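Take this structure first; my questions come after.
The basis for the numbers below is simple: all heavy atoms, side chains too, and nothing from hydrogens, waters or symmetry mates. Note that the structure is a prediction, hence the values are computed from the model and not measured.
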Amino acid sequence: MQNADKKRLHPGVLALILALLAVPALIALGVAVWDDRRFYIVSLLIILVSMAPFVLRFEKRRPGARELTLLAAMTAIGVAARAAFYMVPQFKPMVAIAVITGVAFGAESGFIVGAMIAFVSNFIFGQGPWTPWQMEAAGLMGLLAGLIFHRKDGSLPKLLPLCVFGGLGTLILYGLIVDTSTVFTTQKEITWQALTAAYGTGLVMNLIHAAATVVFLLLLARPMLKKLNRLRVKYGMLQ
Amino acid sequence: MRRDAFSDIHPAVSFALFAAVLVLTAFVLHPAVTGISLVSACIYTIVLKGRRALLFDLLAVLPFIIVVAALNPLFNHEGATPLFYLWNGNAVTKEAVVYGLVSACMFAALIMWFYCMNAVMTSDKVIFLFGRVLPALSLIFSMTLRFVPRLVSRIREVSAAQKSTSPPMKKGVVSGVRHGISVISVTVGWALESSVVMSDSMRSRGYGGRGRTAYALYRFTARDALLAALAAAFTAAFVWAAASKAVYFRSYPSVKCAPMSVGAVIGLAAFAGLCLMPALLNAWENVKWRILSSKL
Amino acid sequence: MANFKFEALTFTYPNGPAPALESVDLSVRDGEFLLVIGPSGGGKSTLLRHFKSVLAPHGERSGSVLMDGVPLSDVPEREQAAKIGFVFQHPDDQLVTDKVWHELAFGLESLGCGRERMRVRVAEMASYFGLEGVFHKDVAELSGGQKQLVNLASVMAMNPSVLVLDEPTSSLDPIAAFDFLTTVKKLNTELGLTVVLSEHRLEEAMPFADRVAVLEEGRLTAIGEPKAVAEELHKRGSGMALAMPSAARISCAIGCSPAALTVNEGRRMLRSMGLARKTLPETPAPAKGETVLRAKELFFRYEKDSPDVLRGLDIELRAGSVYGLVGGNGAGKSTLLKALSGSAVPYRGRVEISGRRMKGRFSAFEERVGLLPQDPRTVFYPVSVGENVKKAAAGRGAGEEEIERIVSLMGIGSLSERDPFDISGGEQQRTAIAMILLTKPRILLMDEPTKGMDAGVKRAFGLKLRELASEGLSVMLVTHDTEFCAEYADTAALMFDGSISAENTAREFFCGNTFYTTAANRIARDIYPNAILTEEVTALAKRG
């Protein structure tokens, strides 16, 4: 789903650079203006700033109907798949779907679908101050999956590295961003102990979530990617 | 959800009001501000969903409050007034406890406001607000909401169909996961195929051409203008009071609150006015209806 | 106003062995109602998709399509989007957004219609199609018929001059289907809209059409006025003659011209012939096998406070028999199948299989109860037909031989390499049944098995069913298809308000009803009170 122009900077890289430039500026601003609440404001702004390039680029290239419906279908699967695992609590295929989208359609689509899954899930089950953090975390997983595993010719990635990436990514990157968001939202000083404690309280959940991601990728990544490839051929699209 | 007068106003106004309340609650950490915000959110929850729902929501919020209130004094040892010492020799200070409590209430208020916002800002309104700015993403949002209930009922159908084609599910996580994976893989195949038909239907109705517009489900009325102006005035008054430190609170290095002044009263009253607007609007409509029906 | 001209249109799919359309010459006149019929897989959808450039499938194409004398490829896409309205088969798949108002506005939004104009158009559509009551609702809350009506209205909002509909009623129940077709006819007569419709439901659709085009194996084999086409197909002995309305089949078979189309015309024709009153000999009641499945006083509701869906329902299924259950929407037919297959637990009453009482959510697999869901696509894994069949066989360890037997019984041997989503509806149905048969059920429950099947496929399917029953399988089918039920079921019953209100042998059942009966019975009931099949009526009439 990526445009073929190679000259342009990849939006993922662009976003990272922007974020890196923006962070010190934002921190400075935060310290100067909002003494007490600087971490909350700074972290929130960083998230918004890093999402902007994807959103703007996505809107600007006016994606076609086939792309939109496929991304909507992937998002909906990410939101609704939980219903199939009603007997296994906390079995959330959310990150796995973002990763599969990234692999199939590239980093940008991976980010969009990851963030949308988080947004729509929260829209249905209740938004909260944590929504932007979840959007960012799931989006980043889709983004990284796209950067690492996406191939233009649609060839399937090796399963083992994909699962390792999915599992560790969920446990470390996703878990860290989402669980420590409470600390950024409510604490005055960010200390290692506070971060560890916040992360520790969510560790069990994160382990289950990571296991869910691995199982899901292990069993469903290939069939889903094959199916997507088949649709590509049948309808001559997404190339 | 009950009949709510605030849900009938123009989405731009209701969204702006929620945004103002959320931002001010999150950024101005002050016991009175946090208190007003939390109480108003609770009142509006009763108006929207009733007392039982309020109890339910508060219970859901409680764990967050405890974690947040405990986190700060346990790991932040700044502050001038130590209350007691932990096993590792670190002090639990009065300032840290106060900050922890206030920020926990702030967090609870935010969550309660988000719950209210969820009930008021329906998908129609989200799409109305963002359809013009972010057309592609709003469309994905709408299509996803269309897909989700279909997927959920599809998952149930597939699950029922599998009862007759595969051995019964045993108890336990492994068999539960296996069953889920098998249901999902059937459902996913169908969902992706069905998305192609959906895209044909979009293209058949001209999607992809230039100059897409958006249907305006809502009209901006004189009452909306009045409410918007009122909300803006309240917000401005409060921001002025906070900026001039008439409304001021800090926890570190020692707990300090600006003394009561005319400015503080105006600021807090304005903030209360802003937070209570949804509930007051309902009260006002109730009164009007009572008068109307008594005249009949 | 719009007219179309297809000149020597030939089209082949990328991997297709033979052309899907072969030198089709067809002209569609301004304001006419053209009905396109033919067996499934005969090229109807492919032809209809050529009415609009964005929908034309990928593949090799020759010949030309002209709209109002201009090659369609030269008509700008925006103009095509507005002028050519297209309604697809599945009401659910083509709804794009989550709200009715948004769906109605979708096309106008795409065209960049201004705010006030859009408001007027949408308001007009909602009022004309009676959608005011559901305007703000989620589309998920609508019935199938309402959904398809929303699809039609959202196309009509763009003010098209031609309406192309690809089997729009195939997943609707008969009443919703008739309402939908009536609305389409109304648009045709009141607005002068050109209509191109493909349908399997010819009993209702044929009388509406100005002309009928028959498409078989990609070729246009007949075109003309409905009555003439019916006579021609009969004379030629075409397989499509089976699909004609009962009145047409009877009148053609007894050599009356012009052919009758509606029940009323059929009745008048028979009356004018002055035929003697006759009754068929009583069919002996089928030998009663042992009871394999019994439900006693079932009560079921979905939630504690919701109304009962099943109310004291009693039903009995005997070995080797085919039991047909008819009844309106919401009578609880699908819920009954759920209760009989262990997916819904009745709060009172009992389900017995071979005399043993079932408890809770019992396993249909272990009790050897096969369930064919309404949509066969709910059983397909995203792999080829062959692999799907193997997967199903593994459940109870059916061997190669058994697989081969079932595959050839259901006639799906040639599909083994295909993807189950690429084959026709009838083929999907047969594949799903094969998969279920491979789990070696003793009882087969089927929910609307003939939905969307054409007449030929339906007949083949009915004969298969009888064959399976004679091998000892007990079959229960819930259906809206009274014709199918009359022809292939031993016992028929009417379900109403959560219980069985009438049950009898199929013949006694149908000739006793006035509404829930076959068209053939309605045509001939005055002179042949217990004839229920067109074949029976023709045989009796021919004897004079």
Smallest separation among heavy atoms of C:M118 and B:T213, with atom names:
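That would be CE-OG1, 3.5 Å.
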
Working to the nearest 0.5 angstrom, can you tell me the gap between B:F147 CZ and C:D98 CG?
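B:F147 CZ to C:D98 CG: 12.5 Å, rounded to 0.5 Å.
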
For C:R78, is it the side chain, the backbone, both, or neither that has a heavy atom closer than 4.5 Å to a heavy atom of chain B?
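Contact with chain B: side chain only.
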
Which answer fits B:S199, side chain, backbone, both or neither, if we ask what part of it has an atom under 4.5 Å from a heavy atom of chain C?
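Neither part.
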
If we only count heavy atoms from C-beta on, is the C:R377 to B:R154 side-chain gap below 4.5 Å?
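Heavy-atom side-chain distance check passes, below 4.5 Å.
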
Look at C:Q89, C:M435, C:R119 and state which one has the largest set of heavy-atom pairs under 4.5 Å with chain B.
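The answer is C:R119.
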
Look at B:S185, B:P149, B:A161 and state which one has the largest set of heavy-atom pairs under 4.5 Å with chain C.
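Max contact count across the listed options: B:S185.
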
Which residue out of B:G131, B:P135, B:S159, B:P167 racks up the most heavy-atom pairs below 4.5 Å with chain C?
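Counting heavy-atom pairs under 4.5 Å, the top option is B:P167.
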
Got a second to check how far B:Y207's OH is from C:F106's CZ, nearest 0.5 Å?
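That separation rounds to 7.0 Å.
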
What closest approach, in Å, do B:D200 and C:L55 show between heavy atoms, and which atom pair accounts for it?
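Answer, listing the atom of B:D200 first, then C:L55: O-CD2, 3.7 Å.
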
So do C:L95 and B:R146 actually touch side chain to side chain, heavy atoms under 4.5 Å?
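B:R146 reaches C:L95 side chain to side chain.
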
May I ask you to decide whether B:R150 forms a salt bridge with C:D93, counting only side-chain N to carboxylate O separations under 4.0 Å?
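Counted as a salt bridge, because a side-chain N and a carboxylate O are separated by less than 4.0 Å.
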
B:F220 CZ: over 12 foreign heavy atoms closer than 6.0 Å
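More than 12 within 6.0 Å, yes.
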
Report yes if the side chains of C:K99 and B:D124 come closer than 4.5 Å at any heavy-atom pair, otherwise no.
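Yes, side chains in contact.
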
Euclidean distance, C:L444 CG relative to B:S164 OG, rounded to 0.5 Å:
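Between B:S164 OG and C:L444 CG, I get 8.5 Å after rounding to 0.5 Å.
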
Taking everything shown except C:R117 itself, do over 12 heavy atoms lie less than 6.0 Å from its CZ?
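Atom CZ in C:R117 is not crowded, with 12 or fewer foreign heavy atoms closer than 6.0 Å.
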
CA sep, side-chain torsions, deciding dist, call: B:W190, C:F421, side chain to side chain contact (heavy atoms under 4.5 Å, CB included):
CA-CA 8 Å; B:W190 163 83; C:F421 286 92; 4.1 Å; yes

For C:F51, is it the side chain, the backbone, both, or neither that has a heavy atom closer than 4.5 Å to a heavy atom of chain B?
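Neither part.
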
Heavy-atom distance under 4.5 Å to chain B: side chain of C:S154, backbone, both or neither?
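Both parts, backbone and side chain.
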
Can you measure from OG1 (B:T122) to CG (C:D138) and round to the nearest 0.5 angstrom?
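One gets 9.5 Å once the value is rounded to the nearest 0.5 Å.
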
Tell me whether the count of non-hydrogen atoms from other residues, nucleotides or ligands lying under 6.0 Å of NZ in C:K390 goes above 12.
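Counting other residues, nucleotides and ligands, NZ of C:K390 stays at 12 neighbours or fewer.
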
Counting heavy-atom pairs under 4.5 Å with chain C, which one of B:R203, B:E193, B:M143 comes out on top?
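Of B:R203, B:E193, B:M143, B:E193 has the most heavy-atom pairs under 4.5 Å with chain C.
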
Sort out for me which of B:V197, B:L139, B:V183, B:V186 touches chain C most, counting heavy-atom pairs under 4.5 Å.
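Looking at each of B:V197, B:L139, B:V183, B:V186 in turn, B:V186 comes out on top.
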
Heavy atoms only, distances under 4.5 angstrom: which of C:G342, C:G395, C:A82, C:S53 has the most pairs with chain B? Name it, please.
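Looking at each option in turn, the highest pair count goes to C:G342.
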
Against B:R205, only a single residue in C:E77, C:E109, C:E103 fulfils salt bridge (Lys or Arg N to Asp or Glu O under 4.0 Å); can you say which?
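Output: one option passes, namely C:E103.
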
Give the member of C:V122, C:L108, C:I436, C:L111 that has the highest number of heavy-atom pairs under 4.5 Å with chain B.
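Top option by heavy-atom pairs under 4.5 Å: C:V122.
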
Under a 3.5 Å cutoff, is there a donor and acceptor pairing between the side chains of C:S110 and B:R212?
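Yes - a donor-acceptor pair under 3.5 Å links their side chains.
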
Rounded to the nearest 0.5 Å, what separation is found between the CD1 atom of B:I127 and the OG1 atom of C:T97?
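That separation rounds to 7.5 Å.
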
Are C:F135 and B:L217 side-chain neighbours, meaning at least one heavy-atom pair lies under 4.5 Å?
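Answer yes - side chains close enough.
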
Heavy-atom pairs under 4.5 Å with chain B are the metric here; pick the option from C:Q374, C:E366, C:R396 that has the most.
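With the most close heavy-atom pairs to chain B, the winner is C:E366.
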
Against chain B, label C:H102 side chain, backbone, both or neither, depending on which of its atoms sit under 4.5 Å from a heavy atom there.
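Side chain only.
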
Side chain / backbone / both / neither for C:T378 at chain B, heavy atoms under 4.5 Å
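For C:T378, backbone and side chain are both near chain B.
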
Based on non-hydrogen pairs under 4.5 Å, which of B:G209, B:G189, B:G208 is most in contact with chain C?
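Answer, by heavy-atom pair count under 4.5 Å with chain C: B:G189.
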
With a sphere of 6.0 Å drawn around CZ of B:F15, does it hold more than 12 non-hydrogen atoms of other residues, nucleotides or ligands?
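Counting neighbours around CZ of B:F15, 12 or fewer heavy atoms of other residues, nucleotides or ligands fall under 6.0 Å, so no.
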
Please find the pair of heavy atoms, one from C:Y381 and one from B:S182, that lie closest to each other, and give the distance.
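Taking C:Y381 first and B:S182 second, the nearest heavy atoms are OH-OG, 3.0 Å.
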
Check whether B:L192 gets within reach of chain C through its side chain, its backbone, both or neither, counting any heavy atom under 4.5 Å.
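Contact with chain C: none, neither part.
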
Partner chain B: residue of C:A105, C:G114, C:S363, C:A344 with the largest heavy-atom pair count (under 4.5 Å)
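Sorted descending by pairs with chain B, the first entry is C:S363.
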
Counting C-beta onward and ignoring hydrogens, is there a side-chain heavy-atom pair between C:L371 and B:K163 closer than 4.5 Å?
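Answer no - side chains too far apart.
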
Report which part of C:V383 has an atom under 4.5 Å of a heavy atom belonging to chain B: side chain, backbone, both, or neither.
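Nothing of C:V383, per the 4.5 Å heavy-atom cut-off to chain B.
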
Quiz item: cation-pi between B:R156 and C:Y302, 6.0 Å / 45°
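No, B:R156 does not lie over the aromatic ring of C:Y302.
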
From B:Y215 atom OH to C:R115 atom CZ, the distance as rounded to the nearest 0.5 Å:
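One gets 10.5 Å once the value is rounded to the nearest 0.5 Å.
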
So for C:V54, is it side chain, backbone, both, or neither that comes closer than 4.5 Å to the heavy atoms of chain B?
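Both the backbone and the side chain of C:V54 come within 4.5 Å of chain B.
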
Is it true that atom NZ of C:K137 has more than 12 heavy atoms of other residues, nucleotides or ligands lying nearer than 6.0 Å?
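At most 12 heavy atoms, drawn from other residues, nucleotides or ligands, come within 6.0 Å of this atom.
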
Identify the residue among C:Q80, C:K52, C:Q94, C:R49 that makes a side-chain hydrogen bond (donor to acceptor under 3.5 Å, both in side chains) with B:S204.
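The side-chain hydrogen bond (donor to acceptor under 3.5 Å, both in side chains) with B:S204 is passed solely by C:K52 among C:Q80, C:K52, C:Q94, C:R49.
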
